[in-house]
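The structure appears below as structure tokens.
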Amino acid sequence: MTPADGRNAAPADSAFIRACRGLPVEHTPVWFMRQAGRSLPEYRALRQGVAMLDACARPDMITEITLQPVRRHGVDAAIFFSDIMVPLHAIDLGVEIVPGTGPVVEKPVTGEADLDRLRDLAPEDVWYVTEAVRMLVAELGSTPLIGFAGAPFTVASYLIEGGPSRTYTKTKALMYGRPELWNALCERLAAITLSFLRVQIAAGASAIQLFDSWAGALSARDYERFVAPHSRAVFAGLSDVDIPKIHFGVGTSHLLESIAEVGADVVGVDWRTPLDAAAARVGDRSVQGNLDPTVLFAPGEVLEAEVRRILTEGKAARGHVFNLGHGVMPDTDPDALTRTVELVHEHSS
């Protein structure tokens with residue numbers, strides 16, 4: 001499959017969009033989180049000497065990297081090459097993505113005065129996103145493009161901690177001890193996130209995914225109190241846009257009902273929860289997932305058995321989009337990803 005295949009068809013008729021909407025499909029669609037880059041040698045060659053946030057601001061590079069897994073693997077959807085820190089970088093908040101570490105914030109949020117640094121995001125701040133999405137839509141033809149952004153909680157955790165964290169101690173301390181500041185921060189982040197998503201949608205994205213990667217660090221009670229209102233505000237701000245909306249987090253088995261209620265059409269499920277069990281808990285919504293990324297390192301017969309199991313479990317849901325339970329690991333053999341796509345298509349047709 002090439003991006004030019006089926007140019008006369010529309011992304012709305014694709015297996016991916018239909019599965020998101022719970023409509024019949026000829027085969028279960030498949031794409032991978034972090035498919036654009038990481039494991040691909042052609043990606044590493046292109047990125048050599050180019051910082052992550054610089055790559056995310058070059059329309060030509062964004063376009064090429066987004067297309068690479070579509071060409072190589074034949075996935076049913078492309079995901080826009082970007083980073084959840086791009087909107088904050090665009091408003092000059094002082095963020096950097098350090099290789100081997102992740103996002104690092106120059107001046108972490110500690111008080112009310114820091115809120116003034118979180119100005120609104122205007123479309124011209126991310127002009128390169130608009131240009132790249134338009135270029136991609138023209139290249140992809142019938143293959144849908146997924147836009148994305150980080151959810152308020154996950155982005156807030158980086159801003160407060162100053163970088164990645166395993167315990168989220170500073171984040172939770174602020175959340176519990178200064179709830180008014182917490183809510184004010186998340187309200188601003190929700191507005192920035194919404195603006196970033198609307199830029200991608202206006203340029204032609206066929207679906208969006210909101211990543212709340214670290215929400216699993218919270219109890220169900222705290223999620224409902226401190227996080228759900230702000231994620232709900234993002235989805236509510238997209239209520240006038242008739243495209244599928246996906247919500248994903250890691251370690252969120254105890255939150256599935258709450259995540260389903262904040263406004264998404266599709267609930268991403270990590271590898272810890274069987275899809276049939278998840279389907280019973282998310283109501284009339286499609287599910288996405290949920291192959292353990294480490295299974296891609298297993299022998300071929302193990303991979304095939306796991307793909308078949310997940311496809312069987314996914315039948316319990318309104319619709320099923322096959323994916324990993326989290327992102328592609330950098331040292332994954334690209335051939336294992338290609339083989340997974342072939343197996344999903346073969347066994348679900």
Side-chain angles (χ1 to χ4, degrees), residues 14-35 73 75-77 79 144 146 148 151 207-213 215-216 220 223 244-298 301-329 332 336-337 339-349:
S14 67
F16 169 74
I17 298 295
R18 291 181 64 85
C20 288
R21 297 189 184 283
L23 300 172
V25 292
E26 293 184 354
H27 65 265
T28 300
V30 54
W31 69 279
F32 305 109
M33 286 180 280
R34 296 183 185 151
Q35 69 185 16
H73 304 311
V75 287
D76 293 287
I79 184 162
I146 306 167
F148 78 91
I208 61 96
Q209 176 159 308
L210 189 67
F211 283 86
D212 211 353
S213 304
Y223 179 87
K245 304 164 187 73
I246 309 166
H247 200 15
F248 173 77
V250 182
T252 53
S253 177
H254 60 300
L255 304 177
L256 284 177
E257 290 87 351
S258 297
I259 287 175
E261 290 298 327
V262 298
D265 308 295
V266 184
V267 177
V269 183
D270 74 12
W271 68 93
R272 297 171 178 86
T273 307
L275 286 185
D276 50 358
R281 297 171 55 193
V282 300
D284 187 30
R285 295 170 184 84
S286 298
V287 296
Q288 179 177 278
N290 67 342
L291 182 70
D292 187 327
T294 61
V295 174
L296 294 166
F297 297 85
E301 61 272 18
V302 175
L303 174 60
E304 182 167 7
E306 285 296 284
V307 167
R308 295 184 73 139
R309 176 184 64 79
I310 291 165
L311 288 171
T312 299
E313 293 173 353
K315 291 177 181 177
R318 181 191 74 164
H320 175 209
V321 175
F322 194 100
N323 208 309
L324 303 181
H326 198 195
V328 175
M329 295 180 177
T332 301
L337 292 166
R339 180 59 180 152
T340 301
V341 175
E342 293 170 349
L343 288 168
V344 171
H345 289 170
E346 175 187 343
H347 291 304
S348 65
S349 295

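Only this structure's heavy atoms are used, side chains among them; waters, hydrogens and symmetry mates stay out.
- Atoms CD and OG1, on Glu313 and Thr273 in that order, are 10.5 Å from each other to the nearest 0.5 Å.
- Under a 3.5 Å cut-off, the side chain of Ser14 and the backbone N or O of Ile17 do form a donor-acceptor pair.
- Taking each heavy atom of His320 and Thr28 in turn, the nearest pair found is O-CG2, 3.4 Å.
- In this structure, the side chains of Tyr223 and Val262 come closer than 4.5 Å at one or more pairs of heavy atoms.
- Expressed to the nearest 0.5 Å, how far CD1 of Ile79 lies from CE of Met33 amounts to 8.5 Å.
- Although no hydrogens or angles enter the test, the distance criterion places no donor-acceptor pair under 3.5 Å between the side chain of Arg272 and the main chain of Ser253.
- Side-chain atoms of His247 come within 3.5 Å of backbone N or O of Leu210 as a donor-acceptor pair.
- The two residues Val321 and Ala19 have their closest heavy-atom pair at CG2-CB, 4.0 Å.
- In terms of heavy atoms, Pro144 sits closest to Asp76 at CD-O, 3.2 Å.
- To the nearest 0.5 angstrom, Thr340 atom OG1 is 7.5 Å from Leu324 atom CG.
- Residues Leu291 and Leu303 have side chains in contact (heavy-atom distance under 4.5 Å, counting atoms from C-beta outward).
- Without hydrogens or angle criteria, Asp270 side chain to His326 main chain gives no donor-acceptor distance under 3.5 Å.
- Here the NE2-NE2 distance, from His27 to His347, works out to 14.0 Å after rounding to the nearest 0.5 Å.
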Item to complete: With side-chain contact (heavy atoms from CB on, under 4.5 Å) as the test, would you mind laying out the steps for Ser348 and Leu311 before giving the verdict?
Response: CA-CA 7 Å; Ser348 65; Leu311 288 171; 4.2 Å; yes

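- For Arg318, the CZ atom counts as densely surrounded, since its 6.0 Å shell holds more than 12 non-hydrogen atoms of other residues, nucleotides or ligands.
- Heavy-atom minimum distance, Leu256 versus Ala278: CD1-CB, 3.9 Å.
- The CD1 atom of Ile208 sits 7.5 Å away from the CD1 atom of Ile246 when rounded to the nearest 0.5 Å.
- Under 4.0 Å is where a charged nitrogen must lie from a carboxylate oxygen, and between Glu346 and Arg308 no such pair does.
- One finds the CD atom of Gln288 at 6.5 Å from the CZ atom of Phe16 (value rounded to the nearest 0.5 Å).
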Worksheet item: Are Thr294 and Met329 close enough, and set up right, to give a side-chain contact (heavy atoms from CB on, under 4.5 Å), and what steps lead you there?
Response: CA-CA 8 Å; Thr294 61; Met329 295 180 177; 3.4 Å; yes

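- For the pair Glu261/Arg285, a side-chain contact is recorded, criterion being any heavy-atom separation below 4.5 Å from C-beta on.
- A heavy-atom distance below 4.5 Å is found between the side chains of Arg18 and Pro24.
- Closest approach of Ala336 and Leu296 over heavy atoms only: CB-O, 3.5 Å.
- Shortest non-hydrogen contact noted between Gly22 and Ser286 is N-OG, 3.7 Å.
- One N or O on the side chain of Gln35 and one on the backbone of Ala77 form a donor-acceptor pair closer than 3.5 Å.
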